[in-house]
Amino acid sequence: MNLPDHWVVSPWRRSLAAALAGALPMFAFPAPALWWFAYVALMPWILLVRSAPTGKRAAYDGWFGGLGFMVAVHHWLLPSLHVFIFVLAALLGALWAPWGLLVHQFLAGRASAGRIAAGLVVLPSGWLMVELVRSWQGLGGPWGMIGSSQWQVAPALRLASVGGVWLLSFLVVAVNVAVAVLIVVRESRIPAVAGLVATAAVTSAAWVWSPRPEADGRVRIAVVQPGIVDGAGSAEKRFTIEESLTRRLAGQDVDLVVWGESSVGYDLAGRPDLAKRLASLSRTTGTDILVNVDARRSDRPGIYKSSVLVGPDGPTGDRYDKMRLVPFGEYIPARSLLGWATSVGKAAGEDRKRGSEQVVMNVGHGLRIGPMVCFESAFPDMSRHLARDGAQLLVAQSSTSSFQHSWAPEQHASIAALRAAETGRPMVHATLTGVSAVYGPSGERVGSWLGTGASTSAVYDVPLARGVTPYVRFGDWPVHAAVVVLVVLGAVEGVGLFRRRRSAPPPLVPPVRTVHGSPVRPGR
């Protein structure tokens, strides 16, 4: 890739180009959902980093590309965080600086076939390390993992059942590297073609041989989505709307009714009248209701977001308190240092409290569910643990009302397809204001989405499945393999450096003159 001289010379123009190139993958995610674009979206960024005159400049290109990527895939947070989103993106974007160095090391100049072949493994491994670090919930969580852009591609969903979203990310990056090599490194096209063929072979093998979920009956799940409710007394108004929509489900033989996140704005122990109304709804519909309480607890200090199961006699005692909170939205990390964020955006005025463990609930009819709350559906390990603990149905209660007219609701709804495919368990994504969605045990869509303009209740015939997917059985093995690759790379580089130092000739020492028996340094 030959860039104009003024782009090469000006570091700020290169930085801008890197940020724009890093932002391109955003179009592979919903709402645009151009899933095929993910396989070439990283190519301009890779080619720019490859053209860097030095390794230091390549690291900067990686950093600014990461900044562009983080801003692009989280752009819907801008109304809430304002300028603070750029500060966070700059900090997290630095994670891609080492990746930029790796790209430059393996692809710059007239790279040999061996170096290209190694790069097809090392560069995706480096990318996984970036995704692993930024997936820590304290740094924002795994939103926008490049592999999650493949949520609607059936062969990709089969791969997810083998290695999770991590395997998809690895292969997407590997394809981008191979395409970049095909375009600019003519002498090393053989390993690039071999990499593409290997990717196709892996996908085909997973399609043919990976175990498919075994059908195990069906259940009827109802989702209640009240829509936007504004103004004074919104919590009471929302409850009344949810109550009315739930009553319409009478006689429809449902096995569970699911309300969205923060669907109940009061602690049920402190509002026995609401608990009685919910119990009445349970008797009317003939099934349990999973609500979500966002309120200050009466039995312990602090505000919790909790999935609460209510039966015909009131709350059953099954309760899950949200464990992974949204940074700045539900708590402020290091509030003593970053508390000023509340003055420039819609950051949490008071930190929510965390739960301590995941819960599998028995909702009757022999159905066991694993609840998660909003942001938690983005974490593949949480749904995997619920599946291992015996959950037959995954349920995420969510609310994206603050981002109603952005790409966030559709992006959030799409994540559930990956979680279903990874675990071989169907998943219900129920929201207050849309998008609500249901997926089968292979990640296939069940019924229609409830969009952001809908205020309704809907019943879904959801297929159940039994069996254990390779991802549930073996966990994040692609991440572990990537760590091994990078450790081996470090060892090889270290051995090479040691040998070069040993084989280097000793430095020349100028002769020492003596005057009257005393040494005299040269130049004197």
Side-chain angles (χ1 to χ4, degrees), residues 135-138 140-143 145 148 151 160 164-165 219 221 223-225 256-264 288-294 304-309 318-327 329-331 352-363 367-400 408-409 411-432 435-441 443 446 460 462 469 471-472 475-476:
S135 292
W136 180 50
Q137 70 100 13
W143 188 279
M145 294 175 69
S148 64
W151 65 277
V165 69
V219 291
I221 306 298
V223 173
V224 174
Q225 179 178 299
L256 178 67
V257 178
V258 183
W259 290 13
E261 180 188 14
S262 305
S263 49
V264 178
D288 291 348
I289 302 173
L290 186 70
V291 301
N292 188 271
V293 176
D294 182 3
Y304 289 79
K305 283 192 176 181
S306 306
S307 299
V308 177
L309 192 64
D318 289 313
R319 181 188 192 106
Y320 166 66
D321 296 324
K322 186 176 183 181
M323 297 170 60
R324 296 183 181 172
L325 305 178
V326 180
E330 294 172 336
Y331 79 104
R352 296 309 198 260
K353 301 295 184 181
R354 303 176 189 273
S356 58
E357 61 181 358
Q358 292 187 267
V359 175
V360 174
M361 301 178 180
N362 190 333
V363 301
L367 179 63
R368 292 169 59 82
I369 68 168
M372 293 172 282
V373 183
C374 194
F375 177 61
E376 294 179 327
S377 69
F379 293 86
D381 65 302
M382 297 196 73
S383 54
R384 179 164 57 85
H385 290 157
L386 288 170
R388 293 183 66 174
D389 288 343
Q392 299 166 283
L393 175 72
L394 304 175
V395 179
Q397 297 173 293
S398 178
S399 173
T400 51
Q411 287 187 25
H412 201 178
S414 70
I415 291 173
L418 270 297
R419 302 292 87 87
E422 289 169 343
T423 60
R425 298 292 181 266
M427 184 160 183
V428 175
H429 179 81
T431 72
L432 284 184
V435 173
S436 295
V438 179
Y439 299 94
V446 176
Y460 297 86
V462 183
T469 65
Y471 178 66
V472 170
D476 299 327

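All heavy atoms count here, side chains included; hydrogens, waters and symmetry mates do not.
- We find the CZ-OG distance between Arg324 and Ser377 to be 11.5 Å, quoted to the nearest 0.5 Å.
- Considering all non-hydrogen atoms of both residues, Ala378 and Pro142 come closest at O-CG, 3.0 Å.
- When all heavy atoms of Pro371 and Leu386 are compared, the pair lying nearest together is O-CD1, 4.0 Å.
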### Task
Step by step, work out the salt bridge (Lys or Arg N to Asp or Glu O under 4.0 Å) result for Arg384 and Asp476.
CA-CA 10 Å; Arg384 179 164 57 85; Asp476 299 327; 3.8 Å; yes

### Message
Please determine whether side chain to side chain contact (heavy atoms under 4.5 Å, CB included) holds for the pair Leu290 and Val363, giving the CA-CA distance in whole Å, both sets of side-chain angles, and the decisive distance to 0.1 Å.
### Response
CA-CA 9 Å; Leu290 186 70; Val363 301; over 6 Å; no

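- Arg388 CZ: 12 or fewer foreign heavy atoms inside a 6.0 Å radius.
- Counted by atom type alone, Ser398 and Thr431 present zero donor-acceptor pairs between their side chains at under 3.5 Å.
- You'll find the side chain of Met323 stays beyond 4.5 Å of the side chain of Val373, heavy atoms only.
- Between atom CG of residue Asp318 and atom CG of residue Asp288 there is a gap of 8.5 Å, rounded to the nearest 0.5 Å.
- Side-chain atoms of Thr469 come within 3.5 Å of backbone atoms of Glu422 as a donor-acceptor pair (strictly under, hydrogens ignored).
- Going from atom CE of Met361 over to atom CZ of Arg368 covers 11.5 Å, rounded to the nearest 0.5 Å.
- Of the possible donor and acceptor atoms, one in the side chain of Ser263 sits under 3.5 Å from a partner among the backbone N and O of Asn292.
- Leu418 places none of its side-chain heavy atoms less than 4.5 Å from the side chain of Tyr439.
- Between Ala387 and Thr423, the closest heavy-atom pair is CB-CB, 3.9 Å.
- Closest heavy-atom contact between Phe375 and Leu325: CE2-O, 3.6 Å.
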### From CA spacing to verdict: side chain to side chain contact (heavy atoms under 4.5 Å, CB included), Val257, Val224
CA-CA 7 Å; Val257 178; Val224 174; 3.8 Å; yes

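- Looking at Met372 and Met427, their side chains come closer than 4.5 Å, going by heavy atoms from C-beta outward.
- The shortest side-chain heavy-atom distance between His429 and Arg419 does not fall under the 4.5 Å cut-off.
- Scanning all heavy atoms of the two residues, the minimum distance from Gln137 to Phe379 falls at CB-CZ, 3.4 Å.
- Applying side-chain hydrogen bond (donor to acceptor under 3.5 Å, both in side chains) to Tyr320 and the options Glu376, Gln397, Gln358 leaves one that passes, Glu376.
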### Task
Determine, stepwise, if the pair Leu367 / Ile221 fulfils side chain to side chain contact (heavy atoms under 4.5 Å, CB included).
CA-CA 11 Å; Leu367 179 63; Ile221 306 298; 4.2 Å; yes

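- For Arg425 against Ala391, the heavy-atom pair with the smallest separation is NE-O, 3.2 Å.
- Atom NZ of Lys305 and atom CG of Asp321 lie 12.5 Å apart (nearest 0.5 Å).
- For the side chain to side chain donor-acceptor pair (under 3.5 Å) test, residues two or more places apart in sequence or in another chain that qualify with Ser262 are Asp294.
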